[in-house]
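Taking it in order: structure first as structure tokens, then the write-up.
Heavy-atom basis, side chains included; hydrogens, waters and symmetry copies ignored. From a predicted model like this one, the values you see are computed outputs, not experimental measurements.
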Amino acid sequence: MSAQHTRRGFLGLAAAGLAVAACGSNTGRGSSGSGSSSSAALQQWYHQYGEAGVEDAVKRYAAAYKGAQVQVGWKIGDYASLVTTALENSPVPDVFESQVKIDWVRAGQVVALDDIIAPVKDDFTPSVLAGHTVGGHVYGIPQAVDTQVLFYRKSLLQQAGVQPPSTVAELIDAAQKLTRNGVKGLFAGNDGGVGVLAGPLLWSVGLDYLHEDGSGKYTPGFDDPRAASAVAALHTLNTNGGLLLGAPADWSDPSAFTQELCAMQWTGLWNVPAIKQKFGDDFGVLPFPKFDDSGAVSVPVGAFGSMINAKSKHVDDAKAYIKWLWIDQTADQVQFDTAFGFHIPSRKSLIPQATNLKTGPAADAVRYVQESGHLVGGPVWTDAMNTALSDALSTVAKNGGDPSGPLRAAVGSVNTQLKQLFG
């Protein structure tokens, strides 16, 4: 799926394909309103979650709503294409989950939700809410936060005399020193980190995907000599012998780490339960290290949000339902975030209610999100821009040489895309 259209896909660079969808069943209807007295029938879409229990839960939430009949569509396959096609051609779904795209906003395909989020807007993690904001208006109510961190085996670092890395240079050095006894030092995906380390590398030198000047004008955020230094580190990682390549599964799966193929892995917070089951307390998590004092440590963040199709015939009813589910029903929100997987509530006030996030590496990850979370790309960052930057990183990772040339090509491509968007 597209990087913009899966709950975890904001962290990757997978290409979109085309598939067939399946719908869920009618979930029932109440007689009196929870913020609405309408008898409207609403269609709500979710993509297929991998965690057991999510489908039953979202249907149960919908059935409990008394303001309208809510039919849940559980979409299997290429959710990105399904949503894009629906927004272009149909009043269905009324409500759906996604990350906002500037194309949808500019085409008037999604509804601003400023009025329902206003009373609690300051309660949402800012970097997460930014992913649903275009031109100062909020188009999605964030549902749950996903992030990535650097997992490491405490015992393996101690045996090798390696301290948890706090700079990119220390990370490179640690990957080499931890490569011993058939175990590689670091795994960041079978593409050598191209798909998941673009943002962390830019943030490590104080740069970003895009720069916004405060007046709504965007320019490439990596059109800076410091970007070349950060990207060059990716080539070093890919050639110094410390990086695991060709793992049985890619970065989002913990098997490279749990099968003890590597001492460190850059992967998702959702893997904490599997890693804890394997190693007990013999692991820790870190943010991606800073390159130098011009940058900072970082973790990428993103979240699907609940959105409304502007072609819906029941916009007001859809707003009332979203407010009820994703603003008022805080107990269900905590359950959705923590009972079926390992995710962080998007609202700061709900995080203390997540008992599985209160201690150990999980608590550390929550702190990293609050202190050092960065939005991956954002609504203005398009798939074409993503491809341009990814191609540059791939060229440098494989071929080395001066990173400035591939990065200049990516800057040119992004500028072309921005001109098409904004003129």
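Salt-bridge formation is not detected for the pair Asp56/Lys59: no Lys NZ or Arg NE/NH1/NH2 atom is positioned less than 4.0 Å from an Asp or Glu carboxylate oxygen. Looking at Lys348 and Asp123, no side-chain N of the basic residue comes within less than 4.0 Å of a carboxylate O on the acidic one, giving no salt bridge.
Aromatic pair Trp381/Tyr209: centroids less than 6.0 angstrom apart. A distance below 6.0 Å separates the ring centres of Phe304 and His47.
No donor-acceptor pair closer than 3.5 Å links the side chain of Asn190 to the backbone N or O of Leu245. Judged purely by atom type and a 3.5 angstrom limit, Asn309 has no side-chain atom pairing as donor or acceptor with the backbone of Leu87. The backbone N or O of Pro254 lies less than 3.5 Å from no partner atom in the side chain of Thr267, so there is not a single donor-acceptor pair. For the pair Lys184 (side chain) and Gly241 (backbone), a donor-acceptor distance under 3.5 Å is present. With Asn386 contributing its side chain and Thr382 its backbone, the two residues share no donor-acceptor pair below 3.5 Å. Not a single donor-acceptor pair under 3.5 Å links the side chain of Ser394 to the backbone N or O of Asp391. Looking at Asp402, its side chain does come within 3.5 Å of a backbone N or O of Ser404 through a donor-acceptor pair. In this structure, the side chain of Trp270 does not engage the main chain of Gln148 through any donor-acceptor pair within 3.5 Å.
Side-chain N/O atoms of Glu97 and Tyr79 include no donor and acceptor closer than 3.5 Å. No side-chain donor-acceptor contact under 3.5 Å links Trp326 and Gln333. Counted by atom type alone, Gln265 and Arg153 present zero donor-acceptor pairs between their side chains at under 3.5 Å. Using modelled atom types, one finds no donor on one side chain facing an acceptor on the other under 3.5 Å when comparing Thr338 with Asn356. For the 3.5 Å distance criterion, the side chains of Gln335 and Tyr61 qualify, holding a donor opposite an acceptor.
In this view, Asp250 satisfies the side-chain hydrogen bond (donor to acceptor under 3.5 Å, both in side chains) rule with no residue, not counting sequence neighbours. Not a single ring-ring contact (aromatic ring centres under 6.0 Å, His included) links Tyr139 to another residue, sequence neighbours left out. When the side-chain hydrogen bond (donor to acceptor under 3.5 Å, both in side chains) test is applied to Gln370, the partners found at least two apart in sequence or on another chain are Thr125. With sequence neighbours excluded, the residues satisfying ring-ring contact (aromatic ring centres under 6.0 Å, His included) with Tyr218 are Phe422. Contacts of Phe222 classified as ring-ring contact (aromatic ring centres under 6.0 Å, His included), with partners at least two apart in sequence or in another chain: none.
In this structure, the side chains of Ile141 and Phe124 come closer than 4.5 Å at one or more pairs of heavy atoms. Glu88 is listed as a side-chain neighbour of Gln109, based on a closest heavy-atom distance under 4.5 Å. Two residues are said to be in side-chain contact when any heavy atoms from C-beta on lie closer than 4.5 Å; Pro220 and Asn415 meet this criterion. Residues Leu407 and Val231 are in side-chain contact: their nearest non-hydrogen atoms beyond the backbone lie under 4.5 Å apart. Taking 4.5 Å as the limit, every side-chain heavy atom of Trp45 sits out of range of all side-chain heavy atoms of Trp74. The side-chain heavy atoms of Leu178 and Val183, taken from C-beta on, include no pair separated by under 4.5 Å. Side-chain contact between Leu418 and Met385 is present, with heavy atoms from C-beta onward closer than 4.5 Å. The side-chain heavy atoms of Phe342 and Asp337, taken from C-beta on, include no pair separated by under 4.5 Å.
Sorted by first and then second residue, the ring pair (Phe, Tyr, Trp, His ring centres under 6.0 Å) pairs with a member in residues 171-202 form an empty list; sequence neighbours excluded.
Seen from the ring of Phe291, Arg226 does not count as a face-on cation partner, given the 6.0 Å and 45° thresholds.
Relative ring orientation between Phe336 and Tyr46 is described as tilted, the plane-to-plane angle lying within the 30° to 60° band.
No option in Asp94, Ile327, Val95 other than Val95 meets the side chain to side chain contact (heavy atoms under 4.5 Å, CB included) test with Ile322.
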